[in-house]
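The block underneath contains the structure these notes are about, expressed in structure tokens.
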Amino acid sequence: MKKEAPSKKWNTFRTITLVITLFIYIKYLFDEDPTNDRIGWSVFILFWTFKGLFDAVEDRRKGKKKSMIANIVFVIAGFGVLLWQGMQVISSASEGRTSSVRFL
């Protein structure tokens, strides 16, 4: 019984995090302002990165080493894409090109 409680909490945390991330993605991608689409796609990449991270932790618990390594590579690639997108946004802002990006 004690072993199931942390697993249940972990699954609840995982599900809530992924659902909130998907709702944010849908909000930004399908709103009326087309300049927010970049944020929507970045949040979608963040969703898949979180999912890969959660899967890597789960694979580590189950002893699936190859799958864990594949998920970690996926997570590193996702963070790389997010870092690249962030640098593009910062460089476009420093060049004076501003957009009407609205955050939550």
Side-chain angles (χ1 to χ4, degrees):
M1 185 86 175
K2 284 187 176 184
K3 205 159 194 146
E4 292 178 20
S7 178
K8 187 174 181 180
K9 287 180 182 178
W10 174 256
N11 286 337
T12 303
F13 173 71
R14 173 186 176 165
T15 303
I16 289 172
T17 304
L18 292 177
V19 167
I20 288 172
T21 307
L22 272 179
F23 282 145
I24 294 170
Y25 159 70
I26 291 169
K27 177 192 180 303
Y28 279 116
L29 193 64
F30 296 114
D31 67 348
E32 296 174 3
D33 189 6
T35 59
N36 286 343
D37 289 349
R38 173 180 252 174
I39 295 173
W41 285 112
S42 297
V43 171
F44 191 60
I45 294 169
L46 185 68
F47 166 80
W48 283 108
T49 305
F50 279 161
K51 184 174 180 341
L53 185 64
F54 289 135
D55 289 345
V57 170
E58 188 174 319
D59 288 339
R60 182 173 184 263
R61 287 182 181 172
K62 292 181 179 179
K64 298 179 181 178
K65 193 170 189 174
K66 289 181 182 178
S67 180
M68 181 190 73
I69 291 172
N71 281 322
I72 289 174
V73 168
F74 183 67
V75 167
I76 291 171
F79 278 127
V81 170
L82 289 172
L83 182 66
W84 171 60
Q85 287 294 317
M87 289 180 1
Q88 279 189 340
V89 168
I90 290 171
S91 69
S92 69
S94 67
E95 292 175 359
R97 291 182 285 166
T98 59
S99 62
S100 61
V101 175
R102 293 175 292 140
F103 291 99
L104 294 173

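This is a predicted model, so every value here is computed, not measured.
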Return the minimal non-hydrogen interatomic distance between N71 and G52, and the atom names on each side.
CB-O, 3.5 Å

Might you point out which heavy atoms bring W48 and F74 nearest each other, and give the distance in Å?
O-CE2, 3.1 Å

Distance in Å, L18 CG paired with F47 CZ, rounded so as to fall on 0.5 Å steps:
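CZ of F47 is found 5.0 Å from CG of L18.
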
In Å, rounded to the nearest 0.5 Å, how long is the span from CG of L83 to CD of Q88?
11.0 Å

Determine whether the aromatic ring centres of W10 and F54 lie less than 6.0 Å apart.
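Under 6.0 Å, so yes.
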
Residue pairs passing the salt bridge (Lys or Arg N to Asp or Glu O under 4.0 Å) test where at least one lies in residues 47-61, sequence neighbours excluded:
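As it turns out, the salt bridge (Lys or Arg N to Asp or Glu O under 4.0 Å) pairs with a partner in residues 47-61, which skip direct neighbours, are R14-D55, R14-E58, K51-D55, E58-K62.
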
Go through the steps for W41 and Y28 under the test side chain to side chain contact (heavy atoms under 4.5 Å, CB included), then give the verdict.
CA-CA 8 Å; W41 285 112; Y28 279 116; over 6 Å; no

Do [X] and [Y] belong to the same hydrophobic cluster, where Ile, Leu, Val, Met, Phe, Trp and Tyr are linked whenever their side-chain heavy atoms lie under 4.5 Å apart, directly or via other members?
X   : Y   : result
L46 : F30 : yes
I26 : F50 : yes
L53 : V73 : no
F13 : L22 : yes
I69 : V75 : no

Test L29 against F44 for side chain to side chain contact (heavy atoms under 4.5 Å, CB included), laying out the working first.
CA-CA 9 Å; L29 193 64; F44 191 60; over 6 Å; no

With side chain to side chain contact (heavy atoms under 4.5 Å, CB included) as the criterion, how do K27 and D31 come out once you've worked through the C-alpha distance, each side chain's angles and the decisive distance to 0.1 Å?
CA-CA 6 Å; K27 177 192 180 303; D31 67 348; 5.5 Å; no

Suppose we screen for side-chain contact (heavy atoms from CB on, under 4.5 Å). Which residues come up paired with I16, at least two apart in sequence or across chains?
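Here the qualifying residues are T12, I20.
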
Check: F79 and L82 side chains under 4.5 Å, non-hydrogen atoms
yes

